[in-house]
Amino acid sequence: MEDDLPTVSVRLWRADAIVLFDWLANTDLDAVPVTHPAQKQALADLLSRMEWAADADLASCTAEEIAAARREVAGDMGW
């Protein structure tokens with residue numbers, strides 16, 4: 001049963017979560033370079049968890065919210 005599996009909690013800056021969710025939702029995971037099939041599955045699992053994160057509500061972000069999050073994240077790059 002999936003609920004019996006060990007889990008890890010990760011806290012993300014909301015802007016990072018929006019950018020990451022948008023990228024995962026719009027990326028062909030078959031085109032992402034991986035060295036093991038589990039990497040692709042882990043990305044798909046992350047997307048699924050992010051879709052269902054009730055406290056984040058990432059799936060309902062508007063184009064304007066995504067653009068603002070991209071600006072925030074890009075402005076904090078530092079490299």
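This one's a predicted model, so the numbers in the text were calculated from it and none came from an experiment.
The structure places CD of Gln41 at 11.5 Å from NE2 of His36, a figure rounded to the nearest 0.5 Å. To the nearest 0.5 angstrom, Arg49 atom CZ is 8.5 Å from Thr7 atom OG1. Arg14 contributes atom CZ, which lies 7.0 Å from atom CG of Asp57 (distance to the nearest 0.5 angstrom). Rounding to the nearest 0.5 Å gives a distance of 7.0 Å between CG of Leu47 and CG of Leu29.
Between Asp22 and Arg70 there is a side-chain heavy-atom pair separated by less than 4.5 Å.
Hydrophobic clustering (side-chain heavy atoms under 4.5 Å, transitive across Ile, Leu, Val, Met, Phe, Trp, Tyr) groups Val32 together with Phe21. Hydrophobic cluster membership differs between Trp13 and Leu58, with clusters built from Ile, Leu, Val, Met, Phe, Trp and Tyr side chains linked at under 4.5 angstrom. Both Ile66 and Leu24 are members of a single hydrophobic cluster when ILVMFWY side chains are connected at heavy-atom separations under 4.5 Å. Under the 4.5 Å side-chain heavy-atom criterion for Ile, Leu, Val, Met, Phe, Trp and Tyr, Val73 and Leu12 are members of distinct hydrophobic clusters.
Residues Ala69 and Ala15 come closest through the heavy atom pair CB-O, 3.7 Å. The shortest non-hydrogen separation linking Ser60 to Glu65 is O-OE1, 4.0 Å. Residue Val34 comes nearest to Lys40 through the heavy atom pair CG1-N, 4.0 Å, listed as atom of the first residue, atom of the second, then distance.
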- Passes side chain to side chain contact (heavy atoms under 4.5 Å, CB included), Thr27 versus Leu43? Steps please. CA-CA 10 Å; Thr27 296; Leu43 286 173; over 6 Å; no

